[in-house]
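Everything below concerns the one structure shown next.
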Amino acid sequence: GHLDLPYEATLSGADFSASFRAVSEPILVMKAGQSEMVDDSALAQLGERQIRLQQFPAALHPVPYDEASCRVIKEFLQA
């Protein structure tokens, strides 16, 4: 599934821990390197969850839907 996180302009200071606790499956986080929305505090809320963090260093938010991101999603789903 896909978890859309509500936000206004930034995730900084927002608490999504309840949303993440509701997910029992592994989580794929695709983070744009230039993202101001998904910062270290947002990632820290994942805590001990089984996550795979894939960073796209040159990308702005959101991560582009292209061949590279599709490959990451496919590999995650096949794991």
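One-based numbering along the sequence shown.
Checked options Q55, M30, K31; the residue passing with V63 is M30 (criterion: side chain to side chain contact (heavy atoms under 4.5 Å, CB included)).
L53 and L77 fall into different hydrophobic clusters, where Ile, Leu, Val, Met, Phe, Trp and Tyr residues are linked whenever their side-chain heavy atoms come under 4.5 Å apart, directly or through other members.
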Quiz: residues 68-76 side-chain donor-acceptor pairs under 3.5 angstrom, not counting sequence neighbours:
{"unit_1": "S69", "atom_1": "OG", "unit_2": "P64", "atom_2": "O", "d": "2.8"}
{"unit_1": "S69", "atom_1": "OG", "unit_2": "D66", "atom_2": "N", "d": "2.9"}
{"unit_1": "S69", "atom_1": "OG", "unit_2": "D66", "atom_2": "O", "d": "3.1"}
{"unit_1": "S69", "atom_1": "OG", "unit_2": "D66", "atom_2": "OD1", "d": "3.3"}

